[in-house]
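Take a look at the structure below.
These numbers come from a predicted model, not from an experiment.
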Amino acid sequence: MSRYSATEIEAKWQEAWDKAGVFRATRSEDKPKYYVLEMFPYPSGKLHMGHVRNYTMGDVIARYKLSTGHNVLHPMGFDAFGMPAENAAMASGGHPKDWTYANIDTMVEQMKPLGLSLDWSRMFATCDVEYYGQQQALFLDMLEKGLVYRKNAVVNWDPVDMTVLANEQVIDGKGWRSGADVERRELTQWFFNISSMSEELLSALDGLDNWPAKVRLMQENWIGKSRGLQFSFERTDGEEPITVYTTRPDTLNGASFVGISPDHPIAKAMEAENPEVAAFVAECRKGGTTEEAIETAEKLGFDTGIKVKHPLNPDWELPVWIANFILMDYGTGAIFACPAHDQRDLDFCRKYDLPVIDTFFALDDAKPVENEAFVPPKTEKVKWVNHFAGLDEATGEEAINATVDFAEKAGWGEGVTKYRLRDWGLSRQRYWGCPIPVVHCDSCGVVPEKKENLPVELPYDEDGKAIDFSIPGNPLDRHPNWRDCSCPKCGAPAQRETDTMDTFVDSSWYFARFTAPRANTPTDLAEAEYWMNVDQYIGGIEHAILHLLYSRFFARAMNITGHLPEKSKEPFNALFTQGMVTHAIYKNAERTDENGRAIYHYPAEVEERDGGTFVKETGEKIEVIPSAKMSKSKNNVVDPLNIISSYGADTARWFVLSDSPPERDVEWTASGAEAAAKHLNRVWNLCDKIGEMDADAKGQGDEELLREMHKAIRDVTLGVESFGFNAAIAKLYGFTNTLAKSKAGAAAQKQAIMTLAQLMSPMTPHLSEDIWAHQGGEGLVATAPWPVADDAMLVENTVTLPIQINGKRRGEIEVAKDLDKAEVEKLALSHDAVVKALNGGAPKKVIVVPGRIVNVVA
RNA sequence: GCGGGCGUGAUGGAAUGGUAGACAUAUCGGACUUAAAAUCCGAAGGGCGUAUGCCCGUGUGGGUUCGAGUCCCACCGCCCGUACCA
């Protein structure tokens with residue numbers, strides 16, 4: 001028996017595909033097109049198991065679509081701008097560009113042995129000047145259409161390093177390098193006007209039938225449409241009234257104070273004059289800008305001394321407080337608080353000893369509000385005590401609507417629809433990104449660069465030290481001459497913008513660029529018209545909101561600016577979100593390092609014995625933490641290259657697809673990889689054995705084998721089409737077992753092994769080609785038409801029905817498939833177990849679900 | 001804090017509201033072998049029992065249903081996101 005050598009055959013078949021050009025995508029009107037795309041990687045320098053899983057899933061779809069007669073586009077590129085390149089330069093010298101391109105080379109080298117059906121001729125990186133130059137052109141077009149503008153926005157400021165920090169660089173409210181307390185500071189920045197499309201981005205979610213419901217729901221909540229009441233509180237001092245927005249105007253009679261954001265104009269005015277307010281506001285501005293940091297920070301309040309009048313009762317005065325949890329970005333930056341019906345307001349009122357006005361809404365068994373607020377349900381009717389809008393009993397929604405009507409009629413407020421979605425700030429004070437193509441002129445102000453002057457290229461390092469990453473801040477700001485230019489409008493000496501774009505911009509249109517990656521405009525409309533939309537997009541759930549929402553916005557913006565057709569306003573027809581690849585962590589349970597930190601061991605350093613896990617060399621006990629995200633610091637990263645070199649790409653591909661459902665995390669285990677390798681060997685050996693069979697020898701059970709084969713075709717096809725790769729693989733195991741035990745003749749066995757090879761080919765393309773060739777298959781299995789299940793072979797004549805008594809399984813009967821319900825019931829009632837259970841009596845009820853089950857209620 | 005998701009044998013997991021544990025791993029037994037590896041065959045959720053079988057069992061506690069892993073409510077734990085990580 002000859003042994004299957006993965007390394008040999010994999011290289012051989014990759015060369016054959018390459019030579020035949022089977023994955024090269026060209027426009028062709030005689031086949032339906034299919035565009036499959038996996039979220040492109042950041043070139044960190046090493047291919048990760050997660051990449052392997054992601055690209056293998058895409059590859060299964062791409063190869064399957066190829067064999068079902070589609071013209072497939074399956075491209076790959078790199079999301080190559082971003083902080084890690086600058087961090088690497090900071091840590092060990094060198095240049096972000098060199099670091100990035102070296103990493104790209106490495107990763108391409110690592111990807112190629114996987115045998116992915118990619119059209120490598122379309123590859124690009126977002127840091128290619130040809131790409132970001134077109135992105136600048138796109139930016140200018142968007143600017144012209146009013147989709148980009150400038151305003152002030154808050155950033156994390158490190159007061160020691162005097163630099164802006166990314167959220168990731170703020171650890172527990174402190175700068176990652178300086179350790180200083182981070183402050184929030186305002187800066188003028190560029191924004192995409194994504195909020196102008198809030199309604200459209202929301203309502204179009206309805207049409208995304210092939211997106212996971214959870215992603216649509218998350219986006220819906222993120223956009224956060226709300227209907228509420230906007231009105232003003234008159235101040236007792238006669239100053240400008242304070243306008244508030246509330247989604248629960250029905251709780252107005254429980255108002256206890258009016259709260260304003262520390263960034264509210266009133267707070268800012270007081271800050272300038274009153275040192276106490278200034279100190280409080282400074283306290284509020286400590287810490288990072290993330291919503292999480294703001295929402296989980298201790299609730300702080302400051303009584304401004306200002307009083308306002310309740311709109312329903314001018315004699316009722318409410319105090320005005322500054323509170324750190326009120327965001328200037330949402331609503332009007334001011335609220336009224338109703339502690340009885342909102343938990344956060346209640347906690348705040350208890351802390352600062354503000355009045356809690358009880359029970360405007362009540363259930364029959366309502367208790368007075370102590371430390372738990374009663375939030376009136378939106379859709380359930382409750383009593384509305386002390387109401388003002390004419391309803392004694394109402395659902396939350398009815399009460400809100402009634403209040404809005406009441407306020408509008410009385411003329412003191414209006415119903416307003418608001419969205420939580422904020423505009424997208426794209427300015428980054430960093431070097432390694434796409435320069436924002438605008439110029440600052442003393443006389444003309446902010447002027448867009450002329451298109452003929454594009455690309456605005458990043459300076460590499462002309463004099464050897466112009467770009468220095470060892471000091472904090474943006475190297476573009478410090479560059480001796482890069483900023484110098486002339487004003488595109490008046491020609492006078494002017495300065496370039498030194499901010500670069502958020503890397504989310506780069507990844508918001510790359511899918512469109514793949515349709516014409518070398519075009520000298522952002523897209524080529526004819527190519528985009530043909531290839532768009534992405535038929536199947538695959539990536540991690542972590543991108544459920546930002547990347548996918550930004551891409552939806554960009555597709556619309558590109559339609560407005562004439563770079564994408566109308567049909568591409570929703571660019572991704574179907575979305576699949578896959579899980580992570582995890583691996584156990586081996587933590588030393590007996591000691592820590594000199595700094596008291598945990599010691600993590602590599603899988604190779606530990607062994608399992610006596611029911612425990614121990615360090616091989618020292619015998620120390622190990623605490624096994626199962627299924628953790630692979631992370632360098634935990635020493636639990638499995639290098640795909642090691643797997644490929646010891647078992648081959650097909651084994652790695654087979655393993656990452658088996659066991660776990662694709663949307664869930666999969667834990668990498670050495671035994672799992674071993675098992676995958678064994679199985680592929682087994683299939684190859686089967687092929688070998690069948691190849692040696694006497695072609696004329698008669699066997700038994702040909703029809704049974706072929707029947708199973710057609711079932712396998714049906715089930716695997718269904719599995720591949722519905723992203724049930726693990727289920728498809730389980731069927732393939734089952735069919736392999738059947739084939740291995742079959743006594744069928746040579747012809748039937750040959751047909752079965754060739755079909756098996758075909759069904760496996762999206763997952764294990766190299767092995768499948770080899771089997772196909774061994775059995776004398778025509779051409780490449782990669783381009784052979786996908787097998788079709790014969791319905792006639794799938795018909796079953798009898799079916800086994802379980803019999804339940806009171807919902808518990810007590811036996812089974814074998815009946816003809818289409819037997820009458822009454823007949824089934826009769827048969828079931830004569831079953832021994834049923835007769836015994838009924839003990840001569842009549843059943844209370846008999847439920848017969850045809851082809852499924854019989855339940856007798858005794 | 002808020003939004004979303006997940007939780008099933010020793011392990012990964014399967015199961016359009018209809019026989020819970022398919023398929024695989026680890027384990028155990030057997031065949032082959034001088035032996036081991038490889039390969040092949042078989043056992044196996046837990047408990048009781050010689051056995052036909054009976055009881056228990058899908059994170060916890062309730063509910064809906066003839067029937068719940070699946071639907072509803074509450075809770076616990078973990079994961080993702082939280083707008084400057086990509």
Between [N] and [M], how many Å separate the two [atom1] atoms, rounded to a whole number?
N: B:C78; M: B:U16; atom1: P; result: 30 Å
N: B:U34; M: B:A26; atom1: P; result: 26 Å
N: B:A24; M: B:A15; atom1: P; result: 16 Å
N: B:C54; M: B:U50; atom1: C1'; result: 15 Å

- Message: Name the residue from A:Phe192, A:Trp190, A:Phe191 that meets the ring pair (Phe, Tyr, Trp, His ring centres under 6.0 Å) definition with A:Trp424.
- Response: A:Phe192
- Query: Are OP1 or OP2 of B:C56 and a side-chain N or O of A:Lys808 less than 4.0 angstrom apart?
  - Reply: yes
Heavy atoms only, 4.0 Å cut-off, all strands: where does [X] land among base, sugar-phosphate and nothing?
X: A:Ser507; result: nothing
X: A:Gly425; result: sugar-phosphate
X: A:Asn855; result: base
X: A:Asn806; result: nothing
X: A:Ala544; result: nothing
X: A:Val857; result: sugar-phosphate

- Query: With pairs taken as Watson-Crick or G-U wobble and both distances under 3.5 angstrom, which stems of at least three consecutive pairs involve RNA chain B?
  - Reply: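 RNA chain B stems, ordered by first number: B:1-7 with B:76-82, B:10-12 with B:23-25, B:27-31 with B:39-43, B:45-48 with B:53-56, B:59-63 with B:71-75.
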- Item | Selection from B:C23, B:A24, B:C84 that lies nearest to any side-chain heavy atom of A:Ala730 | B:C23
- Item | Per A:Trp222 side chain, nearest of listed nucleotides B:U82, B:C23, B:G18 |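 The closest nucleotide is B:U82.
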- Message: Taking ring pair (Phe, Tyr, Trp, His ring centres under 6.0 Å) as the definition, give me every residue that meets it alongside A:Trp432, ordered by chain and number, with sequence neighbours left out.
- Response: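 With neighbours one apart ignored, the set is A:Phe81.
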- Item | Conformer about C1'-N of B:G9 - syn within 90° of 0, anti elsewhere | syn
